[in-house]
Amino acid sequence: MEKRSNLIEERRQKAKRLLERGVPIYPTGFRPQTSVEKIFSAYGQLSEEELEAKQIPCSVAGRIMALRNFGKACFLHLKDETGKIQVYVRKDKLGEEKYKNFKLMELGDIIGVKGHLFRTKTGELTVLADQVELLAKSLRPLPEKWHGLTDVETRYRQRYLDLIVNDPVREVFKTRSKIVQEFRSFFLSRGFMEVETPMMQPIPGGATARPFKTYHNALGMELYLRVAPELYLKRLIVGGFEKVFELNRNFRNEGISVKHNPEFTMLEFYVAYATYEDLMVLTEELFLHVVQQVFGKSEIEYQGNVIDFKGPWPRLSFFGALKELGGVSQKALEDRQEAAEYAESIGVKVDSKDSRGKILTKIFDHLVEPKLIQPHFVVDYPIEVSPLSRRSEKDPTIAERFELFIGGREIANGFNELNDPDDQRKRFEQQVAMREAGDEEAQFMDEDYIVALEHGMPPTAGEGIGIDRVVMLLTDSPSIRDVILFPHMRPRKN
RNA sequence: GGGCCGUUAGCUCAGUUUGGUAGAGCAGCGGACUUUUAAUCCGUUGGUCACAGGUUCGAUUCCUGUACGGCCCA
């Protein structure tokens with residue numbers, strides 16, 4: 001049991017005194033008839049005289065965020081989900097006993113107020129209270145009123161405090177909700193079906209990433225938290241659904257950084273009889289739709305750069321971008337050894353087991369990705385880093401794949417799906433070989449998935465979009481933790 | 001995993017350079033106050049200085065380690 005500070009003791013004393021006075025401290029049933037936002041939009045323009053003449057009644061509820069006491073009267077600010085409004089409480093309005101009860105309410109308490117609107121001397125729209133009712137006692141003090149809560153650790157661990165006192169944080173999460181809604185409505189309006197596929201998978205597939213492992217007692221089997229929904233969504237394409245999407249969490253057992261949280265939100269969608277070129281066009285429309293719906297314009301600012309979402313966006317080839325933006329020589333593009341030496345020379349660590357494609361990808365991440373601030377598609381990736389993508393007919397070492405970069409970050413990844421079961425088996429076998437050589441991110445053999453492909457999957461293109469990164473971009477947030485309500489933290493000792 | 005930085009009252013921060021058990025503002029508590037809005041005025045409580053060792057007569061301060069967090073790199 002934690003030692004209680006004086007502040008908590010004093011709050012508990014007040015709670016006790018309220019109870020002794022017959023005032024319930026956690027009652028139910030108060031129903032506010034309006035919200036702060038509605039009050040301001042309906043009556044915010046009325047003058048002192050108009051308010052006086054109309055005697056507009058109102059009933060609101062919220063948390064006490066500021067108190068200014070005058071002995072026989074008191075001003076307070078009440079905050080609900082939509083905003084803050086001032087309340088004026090007078091002893092002569094409430095009466096002796098009710099006012100005594102009110103004086104036992106304090107900063108942080110949730111109260112309900114009934115009264116009518118007026119304007120103070122300084123012109124602020126205010127509720128003159130006829131009734132003040134305690135709705136929930138707060139037993140702990142709020143962070144300081146002026147400087148608020150800035151300690152990032154507390155902000156993440158006790159996000160509710162962050163949300164109570166830091167309005168910009170509230171805005172980020174409201175915007176996140178709108179963004180997610182717009183993604184969803186875009187796909188629904190274009191005839192996609194939203195589906196849910198397993199989060200717990202016997203074989204984790206669909207991405208090169210280390211999975212979390214868990215255990216099912218009744219079945220006596222190990223299960224993995226999914227790293228991607230991809231292989232299940234494509235089974236649905238085999239099953240005859242032609243346009244599907246899933247918007248939900250993935251789990252990857254990897255480090256935590258400004259760009260990575262162990263669980264993160266991914267949107268994946270698949271379109272039968274489409275190509276990755278079609279998806280690039282769809283993606284341009286999608287982002288423009290989301291940005292315009294949420295912000296009412298097609299440009300946003302991210303970390304000092306104005307980003308314009310109007311398409312079409314440039315398409316660069318992976319190899320061309322490496323050459324032009326990364327300064328990689330033709331020889332290094334073709335030869336693994338040359339590539340490795342170049343990587344080392346620019347401070348990129350190369351593992352002896354890394355393939356040429358893997359090394360080039362690392363160089364790309366280091367030199368090219370940070371330069372792609374405006375939306376850019378990068379197309380045609382090395383086949384060895386694209387084990388689920390269709391092979392190009394023109395060049396079998398190339399995958400028909402694109403990635404989308406915005407703000408110097410990878411935002412989306414899409415490709416023509418590999419629907420040749422024999423080729424898929426070979427690709428899995430290569431992954432298994434890499435896994436056996438010690439690459440814990442390499443993929444597993446999934447026989448069941450190959451059987452699905454053997455039944456015939458229509459030519460399909462699919463794409464995944466990292467929603468957290470999109471939200472970072474659109475809310476000008478430098479860290480993924482600023483857009484995840486409860487980011488992963490180590491437990492605090494004790 | 002490596003480097004750098006941080007952790008002092010409920011919150012926001014001083015203080016540590018040069019070792020002698022800590023200060024402010026807000027919040028709280030007591031008092032005054034019926035149009036304030038960072039209300040004001042008077043008085044006042046509150047600290048295992050993250051944790052554990054070491055050096056020292058004496059450590060919040062110096063040293064080492066640990067935990068948690070942040071930034072950068074991998």
Side-chain angles (χ1 to χ4, degrees), chain A residues 2-15 17 48 51-52 63-79 83-96 99 102-109 115 117-129 138-162 164-166 210 254-260 303 343-344 346-351 354 359 361-363 365-367 370 440 478-482 487-494:
Chain A
E2 115 188 70
K3 205 184 95 187
R4 278 182 198 157
S5 75
N6 288 348
L7 293 173
I8 296 175
E9 264 325 315
E10 274 156 8
R11 281 174 175 263
R12 286 189 174 270
Q13 279 303 318
K14 284 188 185 175
R17 272 188 275 161
E48 194 180 332
L51 288 169
E52 177 63 30
R63 191 183 293 274
I64 301 175
M65 298 301 289
L67 263 180
R68 292 177 291 278
N69 215 310
F70 286 84
K72 294 190 186 65
C74 186
F75 286 95
L76 61 87
H77 268 105
L78 193 68
K79 185 180 190 179
K84 266 187 224 174
I85 192 164
Q86 182 167 258
V87 177
Y88 186 37
V89 185
R90 298 171 57 125
K91 191 176 183 177
D92 57 8
K93 274 277 185 183
L94 287 198
E96 186 86 27
Y99 196 72
F102 166 70
K103 296 284 274 187
L104 288 166
M105 299 174 202
E106 59 196 319
L107 232 48
D109 287 352
L117 295 171
F118 78 110
R119 264 183 209 284
T120 62
K121 274 182 187 168
T122 54
E124 180 167 349
L125 188 65
T126 301
V127 181
L128 178 60
S138 166
L139 297 173
R140 286 173 185 265
L142 283 177
E144 201 247 357
K145 65 179 173 184
W146 191 241
H147 300 93
L149 179 68
T150 60
D151 179 70
V152 288
E153 191 175 344
T154 311
R155 286 185 43 222
Y156 295 150
R157 288 190 196 276
Q158 294 178 275
R159 181 69 93 180
Y160 50 91
L161 288 179
D162 198 21
I164 289 169
V165 300
N166 293 327
R210 288 179 65 174
E254 289 159 5
I256 295 175
S257 81
V258 171
K259 289 191 278 185
H260 301 89
Q303 303 295 292
E344 297 281 6
I346 55 165
V348 171
K349 233 165 86 184
V350 174
D351 193 281
D354 285 349
I359 296 167
T361 304
K362 285 181 175 178
I363 297 171
D365 292 348
H366 194 74
L367 293 179
E440 290 186 79
S479 168
I480 196 168
R481 296 177 152 203
D482 296 327
H488 184 79
M489 304 282 277
R490 280 179 201 268
R492 206 166 5 195
K493 58 185 169 174
N494 302 331

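Computation of the quantities below employed the complete heavy-atom set of this structure, encompassing side-chain atoms and omitting hydrogens, waters and symmetry-equivalent molecules.
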Asker: When the distance from CZ of A/Arg119 to P of B/rU36 is rounded to whole Å, what number comes out?
Answerer: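 Value for this atom pair: 16 Å.
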Asker: What pairs with A/Lys103 under salt bridge (charged side-chain N to carboxylate O under 4.0 Å, His left out), at least two apart in sequence or on another chain?
Answerer: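 None.
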Asker: Using the test salt bridge (charged side-chain N to carboxylate O under 4.0 Å, His left out), find all partners of A/Glu153 that sit at least two apart in sequence or belong to another chain.
Answerer: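 Counting only residues at least two positions away or on another chain, A/Glu153 forms a salt bridge (charged side-chain N to carboxylate O under 4.0 Å, His left out) with A/Arg157.
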Asker: Let's see if you can work this out: which of B/rU35, B/rU34, B/rC29 has an atom nearest to the side-chain heavy atoms of A/Lys14?
Answerer: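 Nearest nucleotide to the side chain: B/rC29.
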Asker: Who does B/rG1 pair with, Watson-Crick or G-U, both distances under 3.5 Å?
Answerer: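 Check on B/rG1: paired to B/rC73, both distances under 3.5 Å.
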Asker: Using the C1' atom as the reference point in each nucleotide, state the distance between B/rA14 and B/rA22 in Å, no decimals.
Answerer: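 Going atom to atom, C1' in each nucleotide, I get 11 Å.
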Asker: Quick check: does any side chain N or O of A/Lys79 sit under 3.5 Å from a backbone N or O of A/Ile164, one acting as donor and the other as acceptor?
Answerer: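 Looks like yes, one N/O pair under 3.5 Å.
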Asker: Taking atom C1' in both B/rA27 and B/rU45, compute the distance separating them and give it to the nearest angstrom.
Answerer: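 Approximately 12 Å lies between the C1' atom of B/rA27 and that of B/rU45.
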Asker: Syn or anti for B/rU21, with syn set at within 90° of 0?
Answerer: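 What B/rU21 shows is a syn base, its glycosidic angle lying within 90° of 0.
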Asker: Any side-chain N or O of A/Arg68 less than 4.0 Å from the OP1 or OP2 oxygen of B/rU36?
Answerer: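 Answer is no, no contact under 4.0 Å.
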Asker: Could you check whether A/Arg157 gets within reach of a base, just the sugar-phosphate, or nothing at all, counting any heavy atom under 4.0 Å?
Answerer: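 Since only primed, P, OP1 and OP2 atoms lie under 4.0 Å of A/Arg157, the category is sugar-phosphate.
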Asker: May I ask you to decide if the ring planes of A/Phe75 and A/Tyr88 are parallel, tilted or perpendicular, using 30° and 60° as cut-offs?
Answerer: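 Ring orientation, 0 to 90° scale: parallel.
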Asker: Between the main-chain N or O of A/His147 and the side-chain N or O of A/Glu144, is there a donor-acceptor pair closer than 3.5 Å?
Answerer: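 Such a contact is found between A/Glu144 side chain and A/His147 backbone.
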Asker: Would you mind reading off the distance between A/Lys84 atom NZ and B/rA38 atom C1', rounded to a whole angstrom?
Answerer: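 Answer to the nearest Å: 11 Å.
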Asker: Write down the distance separating the P atoms in B/rC57 and B/rG19, rounded off to the nearest Å.
Answerer: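 B/rC57 and B/rG19 have their P atoms separated by 15 Å.
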Asker: B/rU40 and B/rU35: how far apart are their C1' atoms, nearest whole angstrom?
Answerer: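 So the two C1' atoms sit 14 Å from each other.
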Asker: Is B/rG43 paired to anything, Watson-Crick or G-U wobble with both distances less than 3.5 Å, and if yes, which nucleotide?
Answerer: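 For B/rG43, the partner nucleotide comes out as B/rC29, under the 3.5 Å rule.
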Asker: Can you name the side chain to side chain contact (heavy atoms under 4.5 Å, CB included) partners of A/Glu52, sequence neighbours left out?
Answerer: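 Side chain to side chain contact (heavy atoms under 4.5 Å, CB included) check on A/Glu52 returns A/Gln55.
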Asker: Between the protein and nucleotides 8-14 of chain B, which nitrogen or oxygen pairs are less than 3.5 angstrom apart?
Answerer:
{"from": "B/rC11", "atom 1": "O2'", "to": "A/Glu144", "atom 2": "N", "distance (Å)": "3.1"}
{"from": "B/rC11", "atom 1": "O2'", "to": "A/Gly148", "atom 2": "O", "distance (Å)": "2.7"}
{"from": "B/rU12", "atom 1": "OP1", "to": "A/Thr150", "atom 2": "N", "distance (Å)": "3.0"}
{"from": "B/rU12", "atom 1": "OP1", "to": "A/Thr150", "atom 2": "OG1", "distance (Å)": "3.4"}
{"from": "B/rU12", "atom 1": "OP1", "to": "A/Asp151", "atom 2": "N", "distance (Å)": "3.0"}
{"from": "B/rU12", "atom 1": "O3'", "to": "A/Thr150", "atom 2": "OG1", "distance (Å)": "3.4"}

Asker: Separation of A/Lys103 atom NZ from B/rG30 atom P, in whole Å?
Answerer: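 Roughly 10 Å, once rounded to whole Å.
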Asker: Nearest-Å distance, CD1 (A/Ile8) to C1' (B/rC29)?
Answerer: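 Going from A/Ile8 (CD1) to B/rC29 (C1'), I get 16 Å.
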Asker: Rounded to whole angstroms, how far apart are CZ on A/Arg155 and P on B/rU7?
Answerer: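 Rounding to the nearest Å, CZ of A/Arg155 and P of B/rU7 are 18 Å apart.
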Asker: Counting only Watson-Crick pairs (N1-N3 plus N6-O4 or O6-N4) and G-U wobbles (N1-O2, O6-N3), all under 3.5 Å, who is the partner of B/rC49?
Answerer: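 Per the H-bond distance test, none.
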Asker: Could you give the CD-to-C1' distance, from A/Glu153 to B/rA67, as a whole number of Å?
Answerer: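 Atom CD in A/Glu153 sits about 10 Å away from atom C1' in B/rA67.
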Asker: Mind checking ring-ring contact (aromatic ring centres under 6.0 Å, His included) for A/Phe102 and listing every partner two or more places apart, or none if nothing turns up?
Answerer: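 For A/Phe102, the residues satisfying ring-ring contact (aromatic ring centres under 6.0 Å, His included) (neighbours in sequence not counted) are A/Tyr99.
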Asker: Under the rule for salt bridge (charged side-chain N to carboxylate O under 4.0 Å, His left out), what residues qualify as partners of A/Lys145, not counting sequence neighbours?
Answerer: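 In terms of salt bridge (charged side-chain N to carboxylate O under 4.0 Å, His left out), with neighbours along the sequence ignored, A/Lys145 is linked to no residue.
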Asker: Is the aromatic ring centre of A/Phe75 closer than 5.5 Å to the centre of the six-membered base ring of B/rU36, with the two planes inclined by less than 30°?
Answerer: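 According to the criterion (under 5.5 Å, under 30°), yes, A/Phe75 stacks.
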Asker: Could you let me know what B/rA67 is paired to, Watson-Crick or G-U wobble, both distances under 3.5 Å, or none if it's on its own?
Answerer: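 Paired with B/rU7.
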Asker: Check whether any side-chain N or O of A/Arg11 sits under 3.5 Å from a backbone N or O of A/Ser138 as a donor-acceptor pair, and report yes or no.
Answerer: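 Indeed, once roles are kept as given, a pair shorter than 3.5 Å links the two residues.
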Asker: Work out how far the P atom of B/rA9 is from that of B/rC51, and round it to whole angstrom.
Answerer: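 Here B/rA9 and B/rC51 have their P atoms 10 Å from each other.
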Asker: Which base sits across from B/rA24 as a Watson-Crick or G-U pair, both distances under 3.5 Å?
Answerer: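 Paired with B/rU12.
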Asker: Just jot down the side chain to side chain contact (heavy atoms under 4.5 Å, CB included) partners of A/Val348, sequence neighbours excluded, or say none.
Answerer: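 A/Val348 satisfies side chain to side chain contact (heavy atoms under 4.5 Å, CB included) with A/Ala343, A/Ile346, A/Lys362, A/His366 once adjacent residues are dropped.
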Asker: When we call it a touch if two heavy atoms are under 4.0 Å apart, what does A/Tyr99 touch: a base, just sugar-phosphate, or nothing?
Answerer: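 No contact at all - A/Tyr99 keeps every heavy atom at 4.0 Å or more from the nucleic acid.
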Asker: Would you please name every residue forming a salt bridge (charged side-chain N to carboxylate O under 4.0 Å, His left out) with A/Glu440, sequence neighbours left out?
Answerer: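 Salt bridge (charged side-chain N to carboxylate O under 4.0 Å, His left out) list for A/Glu440, sorted by chain: A/Arg210.
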Asker: Given the structure, check if the side chain of A/Glu124 and the base of B/rU35 hold any donor-acceptor pair shorter than 3.5 Å.
Answerer: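 Not at all, since no donor on one side and acceptor on the other fall under 3.5 Å apart.
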Asker: To the nearest angstrom, how far is A/Leu76 atom CG from B/rA39 atom P?
Answerer: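 Atom-to-atom, A/Leu76 to B/rA39, this comes out as 12 Å.
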Asker: For A/Lys93, report the nucleic acid contact type (base, sugar-phosphate, nothing); a contact means any heavy atom under 4.0 Å.
Answerer: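 Result for A/Lys93 = nothing.
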Asker: Looking at every strand, decide which applies to A/Arg490 at a 4.0 Å heavy-atom threshold: base, sugar-phosphate, or nothing.
Answerer: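 Sugar-phosphate contact only.
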Asker: Say you pick atom P in B/rG65 and the same atom in B/rC4; how far apart are they, in whole Å?
Answerer: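 That atom pair is separated by 11 Å.
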Asker: Pairs in or reaching into residues 63-78 of chain A: which pass salt bridge (charged side-chain N to carboxylate O under 4.0 Å, His left out), with residues at least two apart or in two chains?
Answerer: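 Checked against salt bridge (charged side-chain N to carboxylate O under 4.0 Å, His left out) - neighbours excluded - no pair reaches residues 63-78 of chain A.
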Asker: Measure all distances between protein nitrogen or oxygen atoms and nitrogen or oxygen atoms of nucleotides 71-74 of chain B, and list the pairs falling under 3.5 Å.
Answerer:
{"from": "B/rA74", "atom 1": "O2'", "to": "A/Lys349", "atom 2": "NZ", "distance (Å)": "3.3"}

Asker: Can you name the atoms? Protein N/O to nucleotides 40-46 of chain B N/O, anything below 3.5 Å, with the distance.
Answerer:
none

Asker: According to the Watson-Crick and G-U wobble definitions, with both distances under 3.5 Å, which nucleotide is paired to B/rU56?
Answerer: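 Its partner: none found.
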Asker: Can you check the distance between B/rG3 and B/rU17, where both ends of the measurement are the C1' atom (answer in whole Å)?
Answerer: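 Their C1' atoms lie roughly 24 Å apart.
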Asker: Considering heavy-atom distances to RNA chain B, does A/Leu107 or A/Gln86 have its closest nucleotide positioned more toward the 5' end?
Answerer: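 Comparing both residues, the 5'-ward one is A/Leu107.
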Asker: Between A/Asn166 (side chain) and A/Leu149 (backbone), is there a donor-acceptor pair under 3.5 Å?
Answerer: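 Yes, because the side chain of A/Asn166 sits within donor-acceptor range (under 3.5 Å) of the backbone of A/Leu149.
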Asker: Grab the CZ-C1' distance between A/Arg17 and B/rC29 for me, whole Å please.
Answerer: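 One finds 10 Å between C1' of B/rC29 and CZ of A/Arg17, rounded.
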Asker: If you measure from the P atom in B/rA24 to the same atom in B/rG43, how many Å do you get, rounded?
Answerer: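 13 Å, rounded to whole Å.
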Asker: Answer yes or no: is there an ion pair linking A/Glu124 with A/Arg119, defined by an N-O contact shorter than 4.0 Å?
Answerer: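 No.
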Asker: Of all residues at least two apart in sequence or in a different chain, which pass the side chain to side chain contact (heavy atoms under 4.5 Å, CB included) check with A/Thr150?
Answerer: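 If we apply the side chain to side chain contact (heavy atoms under 4.5 Å, CB included) test to A/Thr150, skipping adjacent residues, there are no hits.
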